[in-house]
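Note that ligands are numbered from 1 as they come in the structure, with each ligand's atoms numbered from 1 the same way. In this text, all values refer to a predicted model and were calculated from it rather than measured experimentally.
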Amino acid sequence: MTESVTMDAARTKPHLPDAQIVTSVKHWTDRLFSFRVSRPTTLRFRSGEFVMIGLMGDNGKPLLRAYSIASPSWDEELEFYSIKVPDGPLTSRLQHIEPGDEIILRPKPVGTLVVDALLPGKRLWFLATGTGLAPFASLMRDPEVYEKFDQVIMMHTCREVKELEYGRQLVEGLENDPLIGEMVQGKLRYYPTTTREEFHHMGRVTDNLASGKVFEDLGLPKMNPEEDRAMVCGSLAFNVDVKAILEGFGLREGANSDPKEFVVEKAFVGDGI
Ligand code: FAD
Ligand code: A2P
């Protein structure tokens with residue numbers, strides 16, 4: 001299922017404070033959609049950061065949730081990649097937005113998945129499940145990433161093939177991108193896998209790292225702290241398991257204030273956490 005609608009952002013002006021106008025919406029599956037909104041002229045962010053976005057609640061108060069900005073920092077609009085939680089307070093409504101609608105966006109970007117939080121290295125690994133791809137959709141389109149690293153590897157795992165489609169189209173479009181196509185060519189390696197549907201590459205990110213299969217498939221050396229850097233974004237369980245594997249390879253977790261070999265961020269806050 002792929003529906004797409006667009007409009008010119010200049011046609012309408014927002015009314016609410018901190019409001020932005022929706023310019024396009026694309027539904028990828030019955031659980032996933034992406035959309036673009038106008039960008040506040042004053043908003044500066046680092047690729048990989050997240051902001052609070054939402055809609056006005058029935059009680060007249062903003063209903064806000066954390067969302068990674070999926071577009072790169074040079075883009076004149078902002079893009080988001082979203083889950084549709086059937087009874088989710090925000091996404092049960094957000095999934096119905098259309099071009100011309102308003103959303104609320106608090107222009108205070110934050111987050112740990114930034115290049116500044118890593119020490120210099122040779123290869124940069126992006127490790128994601130589900131909508132955890134979103135911050136990497138931004139970083140994969142950022143020239144700074146290709147200036148700082150010789151190779152960039154995007155590992156993305158979902159249950160089914162159709163859930164990989166947003167990422168696949170994004171990566172495949174990059175080589176022909178007029179702005180960064182040349183920088184990306186030969187540097188970006190894409191390693192999508194599924195866990196519950198037949199696909200040419202299968203298995204959890206954790207299993208493919210721990211078994212060494214991904215290194216074999218891509219012809220790369222086993223991860224090591226001298227050359228490899230990583231950014232991790234998935235469910236809490238995924239993040240915990242990947243962190244243990246990266247530490248097993250000798251990489252250490254860093255932060256904005258203390259750059260090291262890898263950084264982690266939650267793609268969402270799970271049930272009971
Ligand atoms: P909520 O009440 O927020 O969530 C209900 C339940 O749905 C959760 O307990 C969890 O089990 C499940 N859930 C929520 N979000 C997801 C998800 N993304 N994938 C799978 N299950 C989920 N969500 C996005 O869709 N895109 C993003 O780019 C994104 N970035 C985030 C960045 C950070 C730092 C954090 C903490 C969360 C992010 N989220 C993102 C999750 C987002 O904040 C909301 O939880 C989500 O939009 C659902 O909102 P809701 O009010 O409908 O349901
Ligand atoms: P699996 O199908 O083996 O559970 P979900 O849809 O549940 O959020 O999961 C998204 C993807 O992340 C699925 O492919 C799932 O694999 C995988 N996954 C879930 N938990 C972990 C984990 N702890 N470590 C590695 N991969 C995980």
Can you list the ligand 2 atoms lying under 4.0 Å from a non-hydrogen atom of A237? 23 (N)
If we set the cut-off at 4.0 Å for heavy atoms, which region of R204 has an atom near ligand 2: side chain, backbone, both, or neither? side chain
Please could you name the atoms of ligand 1 that P89 approaches to less than 4.0 Å, counting only its heavy atoms? 2 (O), 50 (P), 51 (O), 52 (O), 53 (O)
Which of the atoms of ligand 1 are close to S82, meaning less than 4.0 Å from one of its heavy atoms? 25 (O)
Is it the side chain, the backbone, both or neither of F80 that has a heavy atom closer than 4.0 Å to ligand 1? neither
When V22, L78, V25, D75 are each screened for side chain to side chain contact (heavy atoms under 4.5 Å, CB included) with R36, the one that passes is D75
Assess whether a salt bridge exists between R106 and D18, defined as any Lys/Arg side-chain N lying under 4.0 Å from an Asp/Glu carboxylate O. yes
Could you see which bit of A267 sits under 4.0 Å from ligand 1, with heavy atoms only: side chain, backbone, both or neither? backbone
Should R168 and E165 count as an ion pair when the cut-off is N to O under 4.0 Å? yes
Might you confirm whether atom CD of E182 has over 12 heavy atoms from other residues, nucleotides or ligands at distances under 6.0 Å? no
Please list, in number order, the atoms of ligand 1 under 4.0 Å from a heavy atom of K266. 32 (C), 33 (C), 34 (C), 35 (C)
Which pair of heavy atoms, one from G111 and one from E265, lies closest together, and at what distance? CA-OE2, 3.7 Å
Tell me whether E265 has any N or O atom under 3.5 angstrom from an N or O of ligand 1. no
Who's the nearest protein heavy-atom neighbour of atom 13 (C) of ligand 2, and how far? T195 OG1, 3.5 Å
Identify, for atom 5 (P) of ligand 2, the protein heavy atom at the shortest distance, and state residue, atom and that distance. R159 NE, 3.7 Å
Per atom 2 (O) of ligand 2, closest listed option by heavy atom (M202, E160, R196): R196
For ligand 1, the portion of A134 having any non-hydrogen atom under 4.0 Å away: side chain
Report yes or no: does a heavy atom of T157 sit under 4.0 Å from some atom of ligand 2? yes
Minimum non-hydrogen distance to atom 3 (O) of ligand 1, winning option of R65, R31, Q95: R65
Salt bridge or not for R46 and D116, using N-O below 4.0 Å? yes
Shortest non-hydrogen pair, Y81 vs A134, comes out as CB-CB, 4.2 Å
Got a protein heavy atom sitting under 4.0 Å from atom 8 (O) of ligand 2? no
Any atoms of ligand 2 less than 4.0 Å from a non-hydrogen atom of T206? List them with their elements. 24 (N), 25 (C)
Heavy atoms only: which of L55, V269, V85 is nearest to atom 8 (C) of ligand 1? V269
Just say parallel, tilted or perpendicular for the rings of F80 and Y67, cut-offs at 30° and 60°. perpendicular
Considering all heavy atoms, the nearest L251-M223 contact: CD2-SD, 4.3 Å
Can you check whether I83 has an N/O within less than 3.5 Å of an N/O in ligand 1? yes
Contact summary for R39 and S73, nearest pair of heavy atoms: NH1-O, 2.7 Å
Are any of the N/O atoms on T91, whether in the backbone or the side chain, positioned under 3.5 angstrom from an N/O atom of ligand 1? yes
Distance check, rounded to the nearest 0.5 Å: F262 atom CZ versus K243 atom NZ? 5.0 Å
Polar atom proximity, D241 to ligand 2 (N or O, under 3.5 Å): yes
Say whether, by atom type as modelled, one donor and one acceptor occur between the side chain of E163 and the main chain of E160 under 3.5 angstrom. yes
May I ask you to say whether E79 pairs ionically with R141, meaning some side-chain N is under 4.0 Å from a carboxylate O? yes
With atoms numbered from 1 as shown, which atoms in ligand 2 lie under 4.0 angstrom from a non-hydrogen atom of T129? 11 (C), 12 (O)
Option with minimal heavy-atom separation from atom 46 (C) of ligand 1, where the choices are Y67, F50, F33: Y67
Answer yes or no for C158: is there a heavy-atom contact with ligand 2 below 4.0 Å? yes
